[in-house]
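These notes are about the structure you will find just below.
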Amino acid sequence: MELQYEIKEQDFIDYNMYFINHDALMQKTMRKMSLLMAGLVLLGGIGLMYVLDSVTTLSIVVYALVAAACFFVAPAWFKRSARKNVKRTIQRAVNKHICGAKTLRLLDNGVQMVGESEDSLHPYQAFKRVVCAQNQVYLYLDDLSALIVPNTAFATDAAKQEFVSTLEARMEKAKAEHPETEQTEE
């Protein structure tokens, strides 16, 4: 089975946003960041008012409202910042190969990815999982990296499902044949 497609900047951005929105550690980090920002605003503001001998019920309410706003705005700010950083990463000369024309082949011994300045072969047992997102299919090699296959690579939804099913079956078979190479969870 062979797929020919183009990875566009938006595909790579979507992959990173999917990771941010679905990775448990990223979600926990964003919650901690939001709580920290809100706590700093609340305690810092009330502390400032205390030093200035101006603590009033109104000042506490205002700082509590500002802290609440920070708590809810921080994740959106983080995602916006991440989106901009991903765009910058793609635009660097050394990363130009991330986007562009790709050919993905399901061979007997693994998945071959061919594109500008890349020709890699990943054995089926090296893949951790396959995820069907809204606009792409992600072939995860580990918790952080994946091969991106946009939905535009498939003529129909049935072709997409056939690809995913074939890949998952080959992954399962390879892992059964090579249990020593299966990645362990830590």
Side-chain angles (χ1 to χ4, degrees), residues 3-48 61-105 111-122 126-154 157 160 163-164 167 183 185-186:
L3 299 173
Q4 294 185 350
Y5 55 90
E6 184 174 346
I7 295 288
K8 297 180 179 166
E9 182 179 281
Q10 189 59 48
D11 294 319
F12 196 66
I13 291 169
D14 288 346
Y15 167 70
N16 283 274
M17 292 300 106
Y18 181 88
F19 176 76
I20 288 170
N21 290 326
H22 293 88
D23 183 71
L25 186 57
M26 287 298 298
Q27 291 298 306
K28 185 177 180 181
T29 300
M30 284 197 306
R31 278 191 301 276
K32 283 182 178 179
M33 179 187 64
S34 295
L35 283 170
L36 182 64
M37 285 181 67
L40 285 173
V41 167
L42 184 61
L43 294 176
I46 292 173
L48 177 65
V61 168
V62 167
Y63 278 108
L65 290 172
V66 173
C70 287
F71 179 80
F72 291 107
V73 169
W77 170 78
F78 179 79
K79 290 175 185 178
R80 182 175 181 270
S81 177
R83 183 175 274 113
K84 288 171 73 175
N85 288 334
V86 168
K87 282 184 177 187
R88 280 189 217 125
T89 298
I90 293 170
Q91 292 168 354
R92 288 192 189 124
V94 295
N95 296 323
K96 292 285 186 187
H97 69 279
I98 292 172
C99 297
K102 307 283 182 192
T103 301
L104 185 138
R105 294 183 186 97
V111 176
Q112 181 185 31
M113 174 65 81
V114 179
E116 183 182 326
S117 71
E118 77 175 309
D119 185 354
S120 56
L121 179 64
H122 305 281
F127 289 94
K128 190 168 185 172
R129 66 185 183 280
V130 178
V131 174
C132 292
Q134 183 177 357
N135 297 317
Q136 294 96 3
V137 174
Y138 304 128
L139 315 179
Y140 277 92
L141 292 161
D142 56 40
D143 288 336
L144 301 175
S145 61
L147 303 179
I148 302 168
V149 182
N151 287 348
T152 56
F154 307 102
D157 283 341
K160 174 182 168 182
F163 169 80
V164 170
L167 178 60
Q183 300 170 351
E185 297 289 324
E186 294 180 21

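Bear in mind that the values here come from a model prediction, so they are computed numbers and not experimental data. Just so you know, these numbers use all the heavy atoms, side chains as well, and skip hydrogens, waters and symmetry mates.
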Exercise. Does any non-hydrogen side-chain atom of Asp143 lie less than 4.5 Å from one of Lys128?
Worked result: yes
Exercise. Are the side chains of Val131 and Arg129 in touch, meaning some heavy atoms are under 4.5 Å apart?
Worked result: yes
For this session: Can you sort out the partners of Glu9 under salt bridge (Lys or Arg N to Asp or Glu O under 4.0 Å), two or more places apart, ordered by chain and number?
Result: none
For this session: Could you tell me the separation between the CE atom of Met17 and the CZ atom of Arg80, rounded to the nearest 0.5 Å?
Result: 12.0 Å
Problem set entry | Heavy-atom neighbours of Lys160 NZ exceed 12 at 6.0 Å | yes
Problem set entry | Check: Met30 main-chain N/O paired with Ser34 side-chain donor or acceptor under 3.5 Å | yes
Problem set entry | Euclidean distance, Met37 CE relative to Phe71 CZ, rounded to 0.5 Å | 11.5 Å
Exercise. When you measure from the side chain of Glu118 to the backbone N and O of Met113, does any donor-acceptor pair fall under 3.5 Å?
Worked result: no
Exercise. Between Cys132 and Val164, what is the shortest heavy-atom contact and its length?
Worked result: SG-CG2, 3.7 Å
Problem set entry | Criterion side chain to side chain donor-acceptor pair (under 3.5 Å) on Gln136 and Asp11, from CA distance to verdict | CA-CA 8 Å; Gln136 294 96 3; Asp11 294 319; 3.2 Å; yes
Exercise. Do the two ring centres, one from Phe127 and one from Tyr140, sit under 6.0 Å apart?
Worked result: no
Seminar exercise, completed: Nearest heavy-atom approach of Tyr5 to Ile7 is CE1-CD1, 3.6 Å
For this session: Look at the rings of Phe154 and Phe163 and say which category their plane angle falls in: under 30° parallel, 30 to 60° tilted, over 60° perpendicular.
Result: tilted
Seminar exercise, completed: dist Lys79:NZ -> Met26:CE (nearest 0.5 Å) comes out at 9.5 Å
For this session: Rounded to the nearest 0.5 Å, what's the gap from CG on Asn85 to CZ on Phe78? Could you check?
Result: 9.0 Å
Problem set entry | Close side-chain approach of Leu144 and Phe19, heavy atoms under 4.5 Å | yes
Seminar exercise, completed: Rounding to 0.5 Å, atoms OH (Tyr15) and CD1 (Ile20) come to a distance of 10.5 Å
For this session: Measure the shortest side-chain to side-chain distance between Asp14 and Tyr138 over non-hydrogen atoms and say whether it is less than 4.5 angstrom.
Result: yes
Problem set entry | Ser81 side-chain N/O to Trp77 backbone N/O, donor-acceptor pair under 3.5 Å | no
Exercise. How about Leu104 and Val149: do any of their side-chain heavy atoms sit closer than 4.5 Å?
Worked result: yes
Exercise. Under the 3.5 angstrom rule, does the side chain of Asn16 hit a backbone N or O of Phe12 as a donor-acceptor pair?
Worked result: yes
Problem set entry | Spacing of SG belonging to Cys99 relative to NZ belonging to Lys8, to within rounding of 0.5 Å | 10.5 Å
Problem set entry | Student check: side-chain heavy atoms of Lys87 and Ile13 closer than 4.5 Å | yes
Exercise. What do you reckon, is CG of Asp157 surrounded by more than 12 foreign heavy atoms closer than 6.0 Å?
Worked result: no
Exercise. Run the side-chain contact (heavy atoms from CB on, under 4.5 Å) check on Val130 and Val137 step by step: do they pass?
Worked result: CA-CA 7 Å; Val130 178; Val137 174; 3.8 Å; yes
Problem set entry | Heavy-atom pair of closest approach, residues Gly45 and Tyr63 | CA-CE2, 3.3 Å
Seminar exercise, completed: Residues at least two apart in sequence or cross-chain that pass side-chain hydrogen bond (donor to acceptor under 3.5 Å, both in side chains) with Gln4, listed by chain then number, are Glu2
For this session: With the side chain counted from C-beta on, respond yes when Leu147 and His122 share a heavy-atom pair under 4.5 Å apart, and no when they do not.
Result: yes
